[in-house]
**Student:** 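Have a look at this one.
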Number of protein chains: 2
Amino acid sequence: MTTIRDVAREASVSVATVSRVINSNGYVNEDTRKKVGAAIDRLKYKPNSVARSLYKKESKTIGIIVPDITNPYFPQLVRGVEDHLIKKGYTSILCNSDEDPEKERLYLDVMKQKYVDGAIIVSNTIDERLLQEYDMPVVALDRSIHKDIPTFAIDNRDGGRAATKHLQDIGCQRIAHIKGPEQIKNAEERYTGYLDVVKNQSWFRDSYVVPGDYDQKKSARATMELLEAHPEIDGIFAGNDVMALGVLKAAESLNINVPEELAIIGFDGIDLTEMTTPELSTISQPIYQMSVEAAETLVALIEGKTNAQSGHVFPSTLIQRQSTNSVKENVT
Amino acid sequence: MTTIRDVAREASVSVATVSRVINSNGYVNEDTRKKVGAAIDRLKYKPNSVARSLYKKESKTIGIIVPDITNPYFPQLVRGVEDHLIKKGYTSILCNSDEDPEKERLYLDVMKQKYVDGAIIVSNTIDERLLQEYDMPVVALDRSIHKDIPTFAIDNRDGGRAATKHLQDIGCQRIAHIKGPEQIKNAEERYTGYLDVVKNQSWFRDSYVVPGDYDQKKSARATMELLEAHPEIDGIFAGNDVMALGVLKAAESLNINVPEELAIIGFDGIDLTEMTTPELSTISQPIYQMSVEAAETLVALIEGKTNAQSGHVFPSTLIQRQSTNSVKENVT
DNA sequence: TTGAAAGCGCTAACAG
DNA sequence: CTGTTAGCGCTTTCAA
C-alpha cells in the first residue's frame with residue numbers, strides 16, 4: 001500500500017502539502033502541485049478512506065434498509081438510490097430487515113460504528129425514538145416514519161381511489177378489494193381509498209374485502225374463496241401487483257375471463273405487470289424517481305444544506321392495460 | 001460518542017485493558033473484566049469500527065458486484081450473500097456494474113480504499129489481471145472469471161441439455177432455442193447443451209436458433225418472427241426465464257396454445273415462473289444456496305482458512321410445470 | 001495481570 | 001505558500 005508519506009517523499013514535500021493537493025484545499029504553488037500530481041501518478045497513489053474517515057468522522061457511505069430485496073418492488077428502489085449515490089461519491093450498504101425491529105437495530109448499530117453518514121429507510125416498524133438515539137440523517141422512502149423525517153412516497157389513498165374509480169368507469173358493478181397487511185400503513189391507505197369510492201354504494205358489503213398479505217399465493221387463495229362466495233363480483237382492486245397476479249391466477253383456474261367477466265387492477269407498477277397475459281392494469285409509482293430524490297435529499301442533509309426539502313408526495317398514474325380493457329367500456 | 005478512553009476512565013483502568021476485554025484477548029483478571037464490562041454497559045459503549053479498521057487493515061465489509069439488481073435473477077443471489085455475511089459480522093456493499101468495466105473498476109477502487117475484505121462478483125467482463133492489481137479475496141458467482149478463483153455455479157451446458165431433452169421427452173418434434181447474449185458464457189453453454197441434443201436430428205436447422213438477449217421484449221419479437229417463419233416448431237427452450245416469458249407472450253398473441261401446440265421451457269427458476277398462466281417449466285438453479293456457499297467460502301478465504309474449497313458446481317433441476325405439461329406426454 | 005506508548009494513514013491547526 | 005505536529009479511536013508490543 002502506498003501512503004501519503006510515500007508520495008510526500010517521492011515529491012520531496014511534506015504530507016500536509018500532499019494532503020492539500022489531493023483535497024484541493026488551501027494554497028499550494030502551481031509547480032509543487034504538479035510535482036505532487038506526478039508523484040501520485042507514478043506511485044498510483046489512492047488515499048485511504050478509512051484513515052480519512054477516522055479523522056473526519058464520516059465515511060462516504062450510507063445504509064439502505066429495505067424489508068427484503070427479494071420483493072419485486074425493492075430492486076428498482078435500491079437501484080435508484082445506489083445509482084445516485086455512487087455518482088455523488090457515496091457507497092451503499094444493503095440491509096434486509098425482514099421488518100424485524102431486532103435486525104433494524106442491529107444494522108443501525110453497525111452503521112453507527114462505521115461512521116455511516118446517513119440512511120434511507122423503508123420500514124413501518126422503526127420508530128422515531130429509536131432513530132433519535134442514532135442521531136444521523138435519515139430519509140424515509142415509500143413509508144413514512146415520522147413527520148420530522150423527509151418522506152418520499154405517493155398518496156396511497158388517492159391511488160386506491162383512482163384504482164377503484166377506474167374499475168367503476170369501465171363498468172364494473174361489484175368491486176372487491178384484496179387488502180395488504182394491517183401493519184403496513186400504505187396498505188391501509190389504499191384500502192381507505194377503495195372505501196372512499198364504494199362504501200356508500202348500495203351493493204357494497206364488508207365481505208368484498210379480503211386479506212392477501214401482499215403475497216401472491218395468499219391472494220390467489222383468498223380470491224378463489226371470494227369469487228366462489230360472490231360470483232357477482234366483476235372487478236377486483238388488489239392492494240399491490242403481486243397480489244393482482246394472484247387474482248389473475250385464481251381467475252384463470254376458475255375459468256373466468258379477464259377482463260370480460262372480471263377486471264383486475266393492481267398497484268405499484270412493477271415490471272411484472274407487463275409480463276403477464278393479459279397484461280395487468282396498475283397504479284404506477286415513479287419508483288426510480290422517488291428513490292433518486294430521496295437519495296438527493298439525504299446527500300443534501302448530510303452535507304448540511306439547510307435548504308434540503310422536507311420530502312415529497314409523488315403522483316401515481318393509472319396505467320390501463322388488458323386486464324381492465326373491458327368490453328364493458330364500450331357499453332358505458 | 002463514547003470512546004475507549006471514556007470506558008477506561010470510568011473503570012479506572014488503562015485503554016489497553018479495555019481493549020483486551022472487548023476483544024477477549026490476552027490476560028485480564030476476572031474482577032477487572034467485570035469492572036470493565038460494567039463500565040461498558042453503563043456508558044453503552046460500542047467500539048468504533050473505523051479506528052479498528054485503520055489499525056487492522058480490514059473492515060468487516062465485503063463488496064457484491066452484480067450487473068443489475070433489477071434483473072430478477074439477482075435479488076435472491078444478493079439476499080443469500082447478505083444473509084450469510086451479516087451473521088458472520090460482515091456488512092455488504094452493493095454494486096451495480098451494468099457489465100461496464102469502467103464501473104467495475106471504479107467499485108473495486110473504492111473497495112480497496114475502504115479496506116474492504118473481499119468481493120463476490122458476478123461478471124463476464126472482469127478479467128483476472130485486473131483483479132490481481134487489487135489483491136483481495138474474491139469468489140465468482142454464477143459466471144466464472146478464472147480457474148484460480150473459486151466459482152459457484154451450475155453446469156449450464158448440462159442444464160441446456162436437460163431442458164432440450166425434456167421437450168423431446170414430452171413429444172416435441174421441432175425444438176427451437178432463444179439464445180442469450182454472445183458475451184455471456186453461461187448463455188453460450190446453455191446453447192451448446194441445446195445443440196448437443198438437436199444438432200444431429202434430421203429436422204434441425206440453424207434458423208431454429210434466434211437471439212433474445214436475455215430480454216423479455218426482444219425474445220417476444222424474435223419468437224413472433226420465428227414462429228411465423230417456422231410454424232412447425234412445437235417446442236421452445238428459452239435461455240432464461242425472462243425470455244421464456246417473452247415466448248409465452250408471443251405465443252399468446254399468435255393464439256397458439258401452450259403447451260398443446262407449443263411447449264415452453266425456461267432457465268434459472270426465478271419466482272416469476274410460478275406467477276404466470278400457464279406456469280413455466282424451467283431448469284432451476286439453487287440460487288440461494290449457491291450464494292450462501294459463495295459467501296461462506298469468501299469468509300473462509302478472508303479469515304485465512306486454507307481448507308477453503310475451490311468452488312462448487314451445483315446441480316440444476318428440471319421443474320416441470322404447465323408450459324410443458326403436454327397432452328403429447330400421454331401419446332408417448 | 002496491567003499500563004505506557006507507538007503507531008494505522010490522514011487532516012488541520014499553527015508557525016514560519 | 002509550506003512544514004511540523006497533534007490528534008481521530010483503536011490495537012499491540014514492551015516493560016513493569
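Each chain gets a letter, A, B and so on, in the order its sequence line appears, and its residues count up from 1. Side chains are part of it too, since the values below use all heavy atoms of this structure and drop only hydrogens, waters and symmetry mates.
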**Student:** How does protein reach along nucleotides 7-16 of chain D, written 5' to 3' as B (base within reach of a heavy atom under 4.0 Å), S (only sugar-phosphate), or - (no contact)?
**Tutor:** BBBSBBB---

**Student:** In whole angstroms, how far is the P atom of D/dG3 from the OH atom of A/Y27?
**Tutor:** 17 Å

**Student:** Please give, in whole Å, the distance from C/dT2 C1' to B/D31 CG?
**Tutor:** 14 Å

**Student:** Measure NZ/B/K114 against C1'/C/dC10 and give the value in whole Å, please.
**Tutor:** 15 Å

**Student:** Run the salt-bridge test on A/E30 and A/R33 with the 4.0 Å N-O cut-off and return the result as yes or no.
**Tutor:** yes

**Student:** Roughly how far apart are A/I120 CD1 and A/C95 SG, rounded to 0.5 Å?
**Tutor:** 11.5 Å

**Student:** Separation of A/K60 atom NZ from C/dC10 atom C1', in whole Å?
**Tutor:** 16 Å

**Student:** One thing to verify: whether B/K103 and B/D109 come together as a salt bridge, which I'm taking to mean a side-chain N less than 4.0 angstrom from a carboxylate O.
**Tutor:** no

**Student:** Salt bridge check: are B/E303 and B/K88 linked by an N-O gap of less than 4.0 Å?
**Tutor:** no

**Student:** So that I can tick it off, tell me whether A/D98 and B/R79 are bridged by a salt bridge, with the cut-off set at under 4.0 angstrom between side-chain N and carboxylate O.
**Tutor:** yes

**Student:** Think A/T32 has a side-chain N or O under 4.0 angstrom from the OP1 or OP2 of D/dT2?
**Tutor:** yes

**Student:** Is a salt bridge present between B/R105 and B/E133, judged by a nitrogen-to-oxygen distance below 4.0 Å?
**Tutor:** yes

